[in-house]
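Only one structure is covered here, and it is reproduced in the block below.
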Protein chains: 2
Amino acid sequence: MAVKKPSIHDIAREAGVGVGTVSRVLNERPNVAEATRAKVEGVMERLGYRPTFAARHIRTGRSQLFGFLTDQVTTTPFAHDLIKGAQARARQADRMLMVIDADGDDRVREQAVSNLIERGVEGIVYAAMFHHEVHVPQALHEVPTVLVDCFTLERDFASVVPDEVRGGREATERLLEEGHRRIGMVTNDLLATKYPAAVGRLEGYRAALDAAGVAYDAELVREGLGNADSGYRFAHDLLDLDDPPTAFFFGTDRMAMGAYFAFAERGLRVPDDVSVVGFDDQHYIADALRPALTTMALPHSAMGRWAVDHLLTAPWGDDRLPLQRRLPCPIVERGSVGPVPASDAGEEP
Amino acid sequence: MAVKKPSIHDIAREAGVGVGTVSRVLNERPNVAEATRAKVEGVMERLGYRPTFAARHIRTGRSQLFGFLTDQVTTTPFAHDLIKGAQARARQADRMLMVIDADGDDRVREQAVSNLIERGVEGIVYAAMFHHEVHVPQALHEVPTVLVDCFTLERDFASVVPDEVRGGREATERLLEEGHRRIGMVTNDLLATKYPAAVGRLEGYRAALDAAGVAYDAELVREGLGNADSGYRFAHDLLDLDDPPTAFFFGTDRMAMGAYFAFAERGLRVPDDVSVVGFDDQHYIADALRPALTTMALPHSAMGRWAVDHLLTAPWGDDRLPLQRRLPCPIVERGSVGPVPASDAGEEP
DNA sequence: AGTTCCACTGGAATCGGTTCCACGAGGGAG
DNA sequence: CTCCCTCGTGGAACCGATTCCAGTGGAACT
């Protein structure tokens, strides 16, 4: 350890001015003579001065800090997009983000919230890695909070989630628009209707068919588990039907990936023989498939950005109902959707 | 805004004690009478008191904070494991982690380092998302720093990286041990020997062959680009050889994934007809493939943990050469490696 | 010449903690 | 009974910034 870091007093003494003047220079206040400013800045430069943020914080009460807390264990690759989105918005506003991975442990999570509050955060983003209902630490009520990709049953926090229904509808519409009428769907785990990602996407699928005047056929819908095996198995199942689908909508990209292997085994080419739309835009999968997979992107970055933006701009004093926001899942066109194959096209009027 | 948050002085007044006593209770010092402690704690509870971290920080000089700064744009799913590892170790030591995604912008990065220093971090972890040489902001010299998955040419910072050579050797050994002698390898982009992930893994491959007394055959080695297409194309290429390989070692899981499609097209089953080892353990790919892919895991979590541990425990005063640490890449056994197929086994003595 | 105004400046008070010194009470030893 | 030590305690000083009030000196105005 060489020497103690210089403080504003050291600068003042060295420059032969008062501490107030140094502070004014530091904060670029207008009422400082140019000569004085230059002198002070010279001394700062020479001594390698850096302001101490904590001192400013304690005096002004502004921490310029937001907390970002993740729910549960997060082995998904989504976390990072979320953080990036949140951080991008925070940086615009000259704020920093304290990220904490709560690791699925309730006590860790409570502890983390306490820590963040003690560090004076101006708000907290509480993010789940898949869309579901959550129970959050009580202390979150002490500070402005936005829930991301999740919600409480009581709706007592602002929240932002993907618009699953609309995503499911648009995915299906994309296939309808190419002329497909027999569209197979494999949903995520519907598990007691708890997961919006499963229920909502299926609802969107039905809505799109309705709007297009295509009758819903329960035989074309299977309940998968979200993994590659489900996609593989149910793709085979559906293709074994008497009147098999010409297109598939999978509730996850991983299921779509499993299905690709089923297609390969049957000698079916994507998108010539069969069209596919996935969901999630896990681009390390979607990009790597051959052909690359057209899929619905979860708006992780946008949700992260929205959350911080809301923390920055929403009026936190009043008692209005916390905003519940849905963000669209844009389609990412790659190469897995094509027109109905000629042999099937005859079915069209 | 209801009322001002209570400070230690409010607690002292309310409890009829001095501020020193409140501070002692807060810090669980032994020399406080039990009755006093109870009384003070009661008042704290009643007033919903929370200490202000910044005040403690400014007085004690301890920020209990580390910075975590990422290099470049990080669209990889690895970032999160790294952060989790670092954070787990930080939490053990009761520290927090400030994560900043520098987004590939030099000025943002410099700014971030300044911010972190002004916030009084006790050290900074500078993490790349793939193993390469980096140029870091000058200001990092002002504070203890560990480089993760990267290094400077001058070796003037402590650094921790994956042991690529050993990983390549062990991957190859796994195949040799099943009796394979013709082992194809597709490397990452070797680009002017800049990337240890490419050069090192190949070196390991050669070392393993050497040790097993298997002659190196340049024909079996191709230089890919790390993506699925490379794997697909070179798998076909290698299988077209007169004496094709019975096993493959791919420098990335994505290339292995591409190869799976080539195998499927040729009716080759993994691992019965052909064995595969990947690298990276991108488990969303490796798990989803059928059969799941045996691959070498990049020790992201361990590197993150090591980095923070080093910041905590290394002696930062002295001028010894900064530690350059290599961490092993453990093999993750899934289902893509099997013995040499019977039809080829005849070649063995 | 006297007054007013303005630009600029110094420094005390303050934020919410920690730390240290001084002090009073009580107990044990001599 | 005195001395000393320990335990528990109060409160001033301090950490490094910001903020505000009270000057100071000179220019402009009357």
If I take atom [atom1] in residue [X] and atom [atom2] in nucleotide [N], what distance separates them, rounded to the nearest angstrom?
X       : N      : atom1 : atom2 : value
A:Glu28 : D:dT18 : CD    : P     : 12 Å
B:Asn31 : D:dC5  : CG    : C1'   : 15 Å
A:Ile8  : D:dC14 : CD1   : P     : 18 Å
B:Arg50 : C:dC15 : CZ    : C1'   : 20 Å
A:Leu47 : D:dG16 : CG    : P     : 14 Å
A:Asp10 : D:dA17 : CG    : C1'   : 13 Å
B:His57 : D:dA17 : NE2   : P     : 11 Å
B:Met44 : C:dG16 : CE    : C1'   : 12 Å

Just by distance, with hydrogens left out, do B:Ser114 and A:Arg50 show a side-chain donor and acceptor under 3.5 Å apart? yes
For A:Asp106 and A:His135, does a side-chain donor sit closer than 3.5 Å to a side-chain acceptor? no
With a 4.0 Å cut-off, would you call B:Lys5 and B:Asp10 a salt bridge? no
salt_bridge(A:Glu14, A:Arg46) N-O dist < 4.0 Å: yes
[X] vs [N]: side-chain N/O to OP1/OP2 distance below 4.0 Å:
X       : N      : result
A:Thr21 : C:dT9  : no
A:Asn27 : D:dT18 : yes
B:Thr60 : C:dT18 : no
B:Ser23 : C:dT18 : yes

Are B:Tyr126 and B:Phe68 an aromatic pair, judged by ring center distance below 6.0 Å? no
Tell me whether the centres of the aromatic rings in A:Phe53 and B:His57 are closer together than 6.0 Å. no
Counting side-chain heavy atoms from C-beta on, which of [options] comes nearest to [X]?
X       : options                : answer
A:Arg59 : C:dC8, D:dG16, C:dG17  : D:dG16
A:Val17 : D:dC14, C:dG10, D:dT19 : C:dG10
A:Leu26 : C:dG17, C:dT19, D:dT18 : D:dT18

Return the angle between end axes of the helix from C:dA1-D:dT30 to C:dG30-D:dC1, with five pairs used per end and rounding to 10°. 50°
Let me know which of A:Leu323, A:Val148, A:Leu147 forms a side chain to side chain contact (heavy atoms under 4.5 Å, CB included) with A:Val160. A:Val148
With B:Asp149 as partner, the option from B:Met129, B:His300, B:His132 fulfilling side chain to side chain contact (heavy atoms under 4.5 Å, CB included) is B:His300
Would you mind classifying the nucleic acid contact of [X] as base, sugar-phosphate or nothing, using non-hydrogen atoms under 4.0 angstrom?
X       : result
B:Val22 : nothing
A:Gly16 : sugar-phosphate
A:Arg37 : nothing
B:His9  : base

Taking every heavy atom of B:Ile8 against every heavy atom of B:Val19, the minimum-distance pair comes out as CD1-O, 4.0 Å
Closest heavy-atom pair and its distance - A:Leu69, A:Ala112: CD1-CB, 3.8 Å
Nucleotides 20-28 of chain D: which of its N/O atoms have a protein N/O under 3.5 Å away?
{"residue": "D:dC20", "atom": "N4", "partner": "A:Arg24", "partner atom": "NH1", "Å": "3.2"}

Given that A:Val19 and B:Pro30 both sit by DNA chain D, which one's nearest nucleotide is further toward the 5' end? B:Pro30
Both conditions, 6.0 Å and 45 degrees, for the charged tip of A:Arg155 above the ring of A:Phe151: are they met here? yes
Any N or O donor-acceptor pair linking the side chain of A:Arg56 to the base of D:dT18 at under 3.5 Å? no
